[in-house]
There are 2 protein chains.
Amino acid sequence: MHSFAEENYLKTILKLHLCGVQVITTNELAEAMHTKASSVTDMLKKLAAKKLLKYEPYKGCLLTNSGKTVATNTLRKHRLWETFLVNTLSFSWDEVHEVAEQLEHIQSDKLIQQLDVFLGFPTHDPHGDPIPQLDGKIAASPFFTLDKAKPDKQLVVCGVLNHSPDFLKYLTQYGIQIGSHLKMIQINAFDSSIALVLDQKQPLNLSKEVVKNLLVKYNTNQYE
Amino acid sequence: MHSFAEENYLKTILKLHLCGVQVITTNELAEAMHTKASSVTDMLKKLAAKKLLKYEPYKGCLLTNSGKTVATNTLRKHRLWETFLVNTLSFSWDEVHEVAEQLEHIQSDKLIQQLDVFLGFPTHDPHGDPIPQLDGKIAASPFFTLDKAKPDKQLVVCGVLNHSPDFLKYLTQYGIQIGSHLKMIQINAFDSSIALVLDQKQPLNLSKEVVKNLLVKYNTNQYE
DNA sequence: TAGCTTTTTTAGACAAGTCTAAATATTTTT
DNA sequence: AAAAATATTTAGACTTGTCTAAAAAAGCTA
Ligand SMILES: [Mn+2]
Ligand SMILES: [Mn+2]
Ligand SMILES: [Mn+2]
Ligand SMILES: [Mn+2]
């Protein structure tokens with residue numbers, strides 16, 4: 001139906017939209033796609049001709065409903081495959097992205113449907129990102145970054161904003177994973193680093209770069 | 001590393017080799033690939049330039065060791081994925097081929113390694129074809145077609161030569177699957193059809209077209 | 001061996017996707 | 001408002017893989 005390249009463009013546009021970018025410019029998209037602006041222009045024309053997005057030269061682009069459907073479905077496949085790789089095939093969360101980039105383009109409704117069943121209808125992928133449902137709905141994230149948390153309250157790690165293997169390995173090394181419990185002690189004014197306690201044990205200091213990429217929530221049901 | 005097209009050509013050449021075709025001609029390959037002879041010539045030149053096969057104009061082609069490695073690995077991936085689809089995701093054996101044609105091109109050694117572990121190191125795919133092992137070894141088939149069987153001996157269905165969904169659905173409809181037990185009664189001289197008994201119950205008549213595509217073996221351990 | 005048929009290769013075209021370099025638009029500065 | 005800087009698009013080229021039509025080679029036939 002659609003080529004890998006088309007699906008990749010549409011998915012990237014959707015992800016920029018989900019990150020709050022309203023109008024997507026050619027250069028932004030070129031950077032996100034690791035390609036050149038001229039290539040982006042060519043592709044935007046093609047996608048506009050297929051009515052997958054609206055494109056006004058020099059004005060940027062916006063997904064149409066059918067473009068949104070393709071993009072959401074590709075994102076759903078990506079995140080279901082990442083979940084499969086971690087839950088079923090013992091991959092770590094820093095190894096799955098590259099493989100899921102390939103698997104997300106496999107065309108088979110039955111395959112994805114059965115994968116969803118097999119995995120038990122997961123709602124979030126190994127990075128804490130919501131998995132778009134079959135009807136296209138994507139749950140809004142109720143999480144916030146660690147630097148916004150109030151001190152001395154129990155927190156649970158729920159996701160990451162940066163998905164680079166380096167960052168994910170760094171977290172793993174310090175024992176931080178999805179579901180980890182922690183308590184923010186204080187923000188150090190000097191370098192904006194954060195002092196915290198992990199799993200009621202280790203005190204830990206995290207730089208502002210790390211803290212701004214860690215999604216958490218308050219632990220409401222502490223004895224669950 | 002290699003494109004989908006290259007992998008498909010190499011895999012098809014290997015499969016022709018495994019079917020006993022010695023020298024593979026341009027037209028044979030074109031028919032097997034559902035493409036034109038001119039396209040085949042172009043690709044053979046490219047694959048020869050990459051030392052994946054030897055190609056002499058007008059003389060046909062032969063895989064080199066490195067070409068054989070790529071082809072075998074692609075076939076291994078195809079058959080492991082088919083096994084996954086049937087065993088884990090509840091596909092039927094007539095639905096898997098098209099999806100496996102896509103999945104066989106995913107590039108990740110760890111993925112295939114872990115899939116193999118997860119599936120329990122299967123030796124045969126859902127059609128009874130041997131799964132090439134990691135070292136490239138492909139088990140020779142000890143099976144024979146039903147028309148070669150001696151009458152009145154217990155047989156076990158072990159594979160199929162024709163993989164078309166029509167044929168596979170036909171077998172399923174008559175209760176024939178891998179592992180089915182049957183006994184050949186007689187060959188009808190008039191139309192070369194075969195009378196047999198399935199699972200110690202139903203008598204059944206199968207046409208010569210069906211019989212020549214059914215692989216069986218003698219049931220040595222009847223009480224296993 | 002000359003002539004016909006079949007097979008295979010070559011020539012030239014096209015589509016998808018990308019790139020560099022050059023030309024326009026747009027935005028920001030002065 | 002004109003000049004300068006930046007963003008975007010266009011022009012032209014290249015790669016991969018495919019096709020049709022024409023040319024060349026190989027294989028038969030008599
Ligand atoms: Mn990912
Ligand atoms: Mn993810
Ligand atoms: Mn198959
Ligand atoms: Mn098979």
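Here the structure is a predicted model, which means the values were calculated and not measured. A note on names: the letters A, B, ... follow the listed sequences, proteins ahead of strands, and every chain is numbered from 1.
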Discussion item. So for atom CD, which belongs to Glu31(A), do other residues, nucleotides or ligands contribute more than 12 heavy atoms lying within a distance under 6.0 Å?
Written reply: no
Practice prompt. Sugar-phosphate means primed atoms, P, OP1 and OP2; the rest is base. With that split, encode nucleotides 20-25 of chain D 5' to 3' as B, S or - using protein heavy atoms under 4.0 Å.
Written response: B----S
Worksheet entry | d(CG, Asp42(B); P, dA11(C)) in whole Å | 11 Å
Item to complete: For Gln133(A), look at atom CD and say whether over 12 heavy atoms of other residues, nucleotides or ligands are found less than 6.0 Å away.
Response: yes
Item to complete: With Asp116(B) as reference, evaluate Arg76(B), Lys77(B), Lys110(B) under the salt bridge (Lys or Arg N to Asp or Glu O under 4.0 Å) test and give the passing residue.
Response: Arg76(B)
Practice prompt. Take atom CD1 of Ile24(A) and atom C1' of dT8(D), then tell me their distance rounded to the nearest Å.
Written response: 16 Å
Worksheet item: Hey, does the side chain of Tyr55(A) come within less than 4.0 Å of dT9(D)'s phosphate (OP1/OP2), counting only N and O?
Response: yes
Worksheet item: Are Thr41(A) and dT10(D) close enough that a side-chain N or O sits under 4.0 Å from OP1 or OP2?
Response: no
Discussion item. Tell me which one of Lys15(A), Glu104(A), Glu7(A) satisfies side-chain hydrogen bond (donor to acceptor under 3.5 Å, both in side chains) with His78(A).
Written reply: Glu104(A)
Response to the item:
By nearest-nucleotide position on DNA chain C, the 5'-leaning member of Met33(A) and Lys45(B) is Lys45(B)
Discussion item. Check the orientation of His127(A) and Trp93(A). Use parallel for under 30°, tilted for 30 to 60°, and perpendicular for over 60°.
Written reply: parallel
Worksheet entry | Lys50(B) NZ: over 12 foreign heavy atoms closer than 6.0 Å | yes
Discussion item. If you assign Pro57(A) and Met43(A) each to the DNA chain C nucleotide with the nearest heavy atom, which residue ends up on the more 5' nucleotide?
Written reply: Met43(A)
Fill in: Thr35(A) side-chain proximity, nearest of dC19(C), dT8(C), dT18(D)
dC19(C)
Discussion item. Nearest whole Å is fine: how far is dT18(D) C1' from Leu29(B) CG?
Written reply: 15 Å
Worksheet item: How many Å lie between CD on Glu28(A) and P on dT8(D), as a whole number?
Response: 8 Å
Item to complete: To the nearest Å, give me how far apart CG (Leu47(B)) and P (dT18(D)) are.
Response: 11 Å
Discussion item. By the 4.0 Å heavy-atom rule, please label Ala37(A) as base, sugar-phosphate, or nothing.
Written reply: base
Worksheet item: OP1 or OP2 of dT18(D) less than 4.0 angstrom from a side-chain nitrogen or oxygen of Tyr9(B), does that happen here?
Response: yes
Item to complete: Whole angstrom is fine here: how far is it from CE in Met1(A) over to P in dA16(C)?
Response: 14 Å
Worksheet entry | For atom CZ of Phe4(A) and atom C1' of dT16(D), their distance in whole Å | 15 Å
Worksheet item: Are the aromatic rings of His105(A) and His2(A) close, with centres under 6.0 Å apart?
Response: no
Discussion item. Would you say Asn27(A) places a side-chain N or O within less than 4.0 Å of OP1 or OP2 belonging to dT8(D)?
Written reply: yes
